[in-house]
Amino acid sequence: MSDTTTQQTGYQAWLEFHPVAPGERYDQYLAYSRIVCTEEDEVIHTAAQELSHGIGKLLGRAISVSENVEGGAVIALGTFGGGNALVDRTFGDETRSVIKPEGFAIKSDPASGSIVIGASSASGVLYGAFHLLRLLSTKQAVNGLDVIENPVNMLRMINQWDNIDGSIERGYAGKSIFFDNNRITTDLTRVRDYARLLASSGLNAISINNVNVHQWETKFLTGEYLPEVAKVAGVFRSFGIKLFLSVNYASPLEIGGLSTADPLDPAVREWWRVKAAEVYAAIPDFGGFLVKADSENRPGPFTYDRDHADGSNMLAEALKPFGGIVIWRCFVYNCKQDWRDRVTDRARAAYDHFKPLDGRFMDNVILQVKNGPMDFQVREPVSPLIGAMETTNQMIEFQITQEYTGQQRHLCYLVPQWKEVLDFETYAKGEGSSIKRIVDGSLHGNRFSGFAAVSNIGNDVNWTGHLLAQANLYGYGRLAWNPELSAEAIAEEWIRLTFGGDEKIVSVVMSMLMESWSIYEAYTAPLGVGWMVSPDHHYGPNVDGYEYSKWGTYHFADCHGIGVDRTKATGTGYAAQYKGANYETYESVESCPDELLLFFHHVPYTHVLHSGQTVIQHIYNTHFEGVERAEQLAVEWAGLKGSVGELVHKHVADRLAEQAAHAREWRDMINTYFFRKSGIADALGRTIY
């Protein structure tokens, strides 16, 4: 693919490396025309090649890589004590002592005029190289550099929901880059390019197959597929990324010839021990297993009257000798609920299932908890399970793919939502117990912790279907590395890396991204009630789509009011799963935040919000305003015509036009439903059908 083509399609994403115009920065960067790398390590060589490629594109000239330190200003990189004299001379014991396994230091060396990247591991060197490229690509000064960075989270993971037939569950950007026609792809070029994108944003782990493991994917643990899986692992290894597999809990039955998958059966435990050894023989740095069990009809330990600790510990025991971990998803609930049942509450399920098991999980088990108690809605509270288990490893799961937030046909920058979740105060150990401190392991002193997220990429030429959805993938990686980064800073970084430094582009796209989440929320489901989508595919408005289904996601709207009573006093008791002030805030209709009111309370349409509007008028107003704001997105982008590539401009313009049209559909269907349900007219007399 030519440079011109990639600039027009967005294939290179934030690794485009737009040329630096002649001037101060160009002259400053031109001094570094050589990379010095002395270590024979695959990941460090990747780092050197990325620097050579990136700086070469920025300056429009070839940048050589050599082992010779002498000869003027260079960019030297390597591990401490790894044999690069410039690295060893630049970083003393004080610096080395604060660099964690994947952290790095970058420093200007006054004596030689060089820039030196040092780390305690090869992966740290790679992250340092990408950080320097980020500085150069955003036209930062590099004289007098003195940078020390460590990743906040140990595990920074992507979950692919790819199936071996090439389809992707909740995929909105084409087909899988890993699989096709029940085989693992043999052309790994695009897989390598994906590994570059992930590593450049700071990610270090990936599971390549869907958590809903089907017949063919179950065989990934066998000799039929394992050699091909090992080749994929090799590609990611060169970028410091560990490969995981989603596994079928019933594998001993389906591919092992056993008559049971009971986790306490000695034969089953032995089968998994042997299988783990086979996997590590093929992939020595294999990360471990990701498991969805007893969830949405997937098999699990419940079949044998065992619990999640029994099931996960069996797998953890098999992986432990090799340093592997089990990531056990907590998305477990009754998906066959009678719609007339107002006692069973899906929101309670994860906490009710897992909280009583605290202290029973092995230390190489991590519980993966969705950011909210339901299922990645545009607005829902933070899961009360996160932080509730003081002696159990936990990590948070986000959804980059926009299943319920516009499916990458609509613009919805999700980093502000994730920031709200991470900054949420849980009171797990009193004040100062934010979600980000729980998932980084610091609050409870957990051995394993971190981030996971469902990927949003496919084989579309721009990776994410909607070009601007790349900001979510990039933003997730940067946030996993450092949750203290602001949504605005991440957005600006992505814009400058992707589109260059034109200030008009930066200003317009920044405004679009930062407004997009609230715009999408405005014209879709109101006040935290959620769901209101067409069943199965989840695209498009359908207020009663799940109201009478088995999935347990109801809004309980009738002619009098709307919302789910989740209070301890009169409802399902879900609010009592929160600690301290959170419980008190959510339990009371007077103190509950407007944006979550209908998640926690059933109220009349005439209930007055803190905003001063009634619930019904809020529904009408936000849906009309949401359409106007969605239409304005298209106007703002139209103003960039001629400033960005023609193909890119048309692509985004087409998506924004569809979003505006679809916002009108949401507005009319939601407003009409509630006008007819409530019988209350819009106070402003606007058209409601």
Side-chain angles (χ1 to χ4, degrees), residues 372 374 376-381 402-420 466 468-469 472 487 491 510-534 538-543 545 555 557 562-563 592-599 603 605 607-637 655-675 678 680 682-684 686-689:
M374 299 298 272
F376 302 127
Q377 299 301 293
V378 68
R379 176 75 65 177
E380 60 181 298
Q402 293 172 231
E403 179 179 357
Y404 295 101
T405 50
Q407 300 191 358
Q408 282 136 248
R409 303 187 204 183
H410 297 220
L411 176 61
C412 191
Y413 179 52
L414 293 170
V415 176
Q417 181 195 57
W418 301 336
K419 285 285 293 182
E420 280 194 13
H466 195 313
L468 301 187
N472 287 328
M510 170 73 81
S511 174
M512 292 172 63
L513 291 176
M514 293 305 299
E515 289 287 317
S516 60
W517 176 35
S518 67
I519 291 173
Y520 187 83
E521 182 178 15
Y523 61 74
T524 53
L527 299 169
V529 76
W531 294 95
M532 297 189 178
V533 291
S534 296
H538 299 163
Y539 185 75
N542 187 338
V543 181
H555 54 68
I562 180 177
C592 187
D594 284 349
E595 65 269 18
L596 290 173
L597 178 69
L598 301 185
F599 192 95
V603 298
Y605 293 109
H607 174 83
V608 179
L609 302 168
H610 296 121
S611 67
Q613 301 177 76
T614 62
V615 167
I616 190 66
Q617 196 59 43
H618 172 91
I619 291 173
Y620 296 153
N621 289 349
T622 54
H623 284 79
F624 280 109
E625 292 164 4
V627 170
E628 294 171 1
R629 295 170 69 197
E631 292 171 341
Q632 185 60 31
L633 288 175
V635 172
E636 292 175 29
W637 181 257
R655 293 282 164 136
L656 294 173
E658 178 181 0
Q659 179 174 356
H662 202 219
R664 290 190 287 274
E665 181 184 358
W666 270 97
R667 175 198 65 194
D668 292 341
M669 291 190 70
I670 298 291
N671 282 350
T672 294
Y673 178 95
F674 285 107
F675 171 55
S678 69
I680 301 172
D682 172 30
L684 299 181
R686 293 163 292 195
T687 300
I688 298 178
Y689 298 93

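When reading the values below, keep in mind they use all heavy atoms of this one structure, side chains included, and skip hydrogens, waters and symmetry mates.
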Taking salt bridge (charged side-chain N to carboxylate O under 4.0 Å, His left out) as the test, write out the residues that go with [X], two or more places apart.
| X | answer |
| --- | --- |
| Asp668 | none |
| Glu380 | none |
| Glu625 | none |

Min side-chain heavy-atom separation Thr614-His607 under 4.5 Å: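 No, their side chains stay 4.5 Å or more apart.
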Non-hydrogen side-chain atoms of Leu656 and Met512 separated by less than 4.5 Å: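 They are in contact (side-chain heavy atoms under 4.5 Å apart), so the answer is yes.
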Pairwise distance CG(Asn472) to CD(Gln402) - rounded to 0.5 angstrom: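 It comes to 5.5 Å.
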Interatomic spacing from CD1 in Ile680 to CZ in Phe675 - rounded to 0.5 Å: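 Taking CD1 in Ile680 and CZ in Phe675, the distance rounds to 10.0 Å.
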Donor-acceptor contact present, side-chain His555 to main-chain Met532, <3.5 Å: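 Flag not set: sc His555 to bb Met532 has no pair under 3.5 Å.
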Flag, side chain of Gln377 to backbone of Gly528, donor-acceptor distance under 3.5 Å: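 Checked: no pair found.
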Thr524: partners by side-chain contact (heavy atoms from CB on, under 4.5 Å), with sequence neighbours left out: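 Per chain and number, Thr524 pairs via side-chain contact (heavy atoms from CB on, under 4.5 Å) with Val378, Tyr520, Trp666.
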Counterpart residues, side-chain contact (heavy atoms from CB on, under 4.5 Å), relative to Ser611 (two or more places apart):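 Expected list: Asp594, Leu609, Gln613.
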Residues which pass side chain to side chain donor-acceptor pair (under 3.5 Å) with Glu420, listed by chain and number, not counting sequence neighbours: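 Per chain and number, Glu420 pairs via side chain to side chain donor-acceptor pair (under 3.5 Å) with Arg379.
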Residue list, side chain to side chain donor-acceptor pair (under 3.5 Å) with Tyr605, at least two apart or on another chain: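 Per chain and number, Tyr605 pairs via side chain to side chain donor-acceptor pair (under 3.5 Å) with no residue.
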Worked check of side-chain contact (heavy atoms from CB on, under 4.5 Å) between Gln659 and Tyr523: CA-CA 11 Å; Gln659 179 174 356; Tyr523 61 74; 3.1 Å; yes
Leu513/Leu411 under side-chain contact (heavy atoms from CB on, under 4.5 Å): CA gap, chis, key distance, verdict: CA-CA 8 Å; Leu513 291 176; Leu411 176 61; 3.9 Å; yes
Show me the donor-acceptor pairs within less than 3.5 Å that the side chains of residues 628-636 make with the rest of the protein, sequence neighbours left out.
| residue | atom | partner | partner atom | Å |
| --- | --- | --- | --- | --- |
| Arg629 | NH2 | Glu515 | OE1 | 2.7 |
| Arg629 | NH2 | Ser518 | OG | 2.7 |
| Glu631 | OE2 | Arg664 | NH1 | 2.9 |

Worked verdict on Leu527 versus Thr622 for side-chain contact (heavy atoms from CB on, under 4.5 Å): CA-CA 10 Å; Leu527 299 169; Thr622 54; over 6 Å; no
Salt bridge (charged side-chain N to carboxylate O under 4.0 Å, His left out) contacts in which one or both residues fall within residues 408-419, not counting sequence neighbours: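 Sorted result for residues 408-419: Arg409-Glu658.
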Pairing residues for Tyr539 by the ring-ring contact (aromatic ring centres under 6.0 Å, His included) criterion, not counting sequence neighbours: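 Applying ring-ring contact (aromatic ring centres under 6.0 Å, His included) to Tyr539 gives His410, His662.
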ring-ring contact (aromatic ring centres under 6.0 Å, His included) against His538, all qualifying residues, sequence neighbours excluded: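 Applying ring-ring contact (aromatic ring centres under 6.0 Å, His included) to His538 gives Tyr404, Tyr546.
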Pairwise ring-ring contact (aromatic ring centres under 6.0 Å, His included) hits with a residue in residues 613-637, at least two apart: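 Counting only pairs at least two positions apart or across chains, the ring-ring contact (aromatic ring centres under 6.0 Å, His included) contacts touching residues 613-637 are Trp637-His649.
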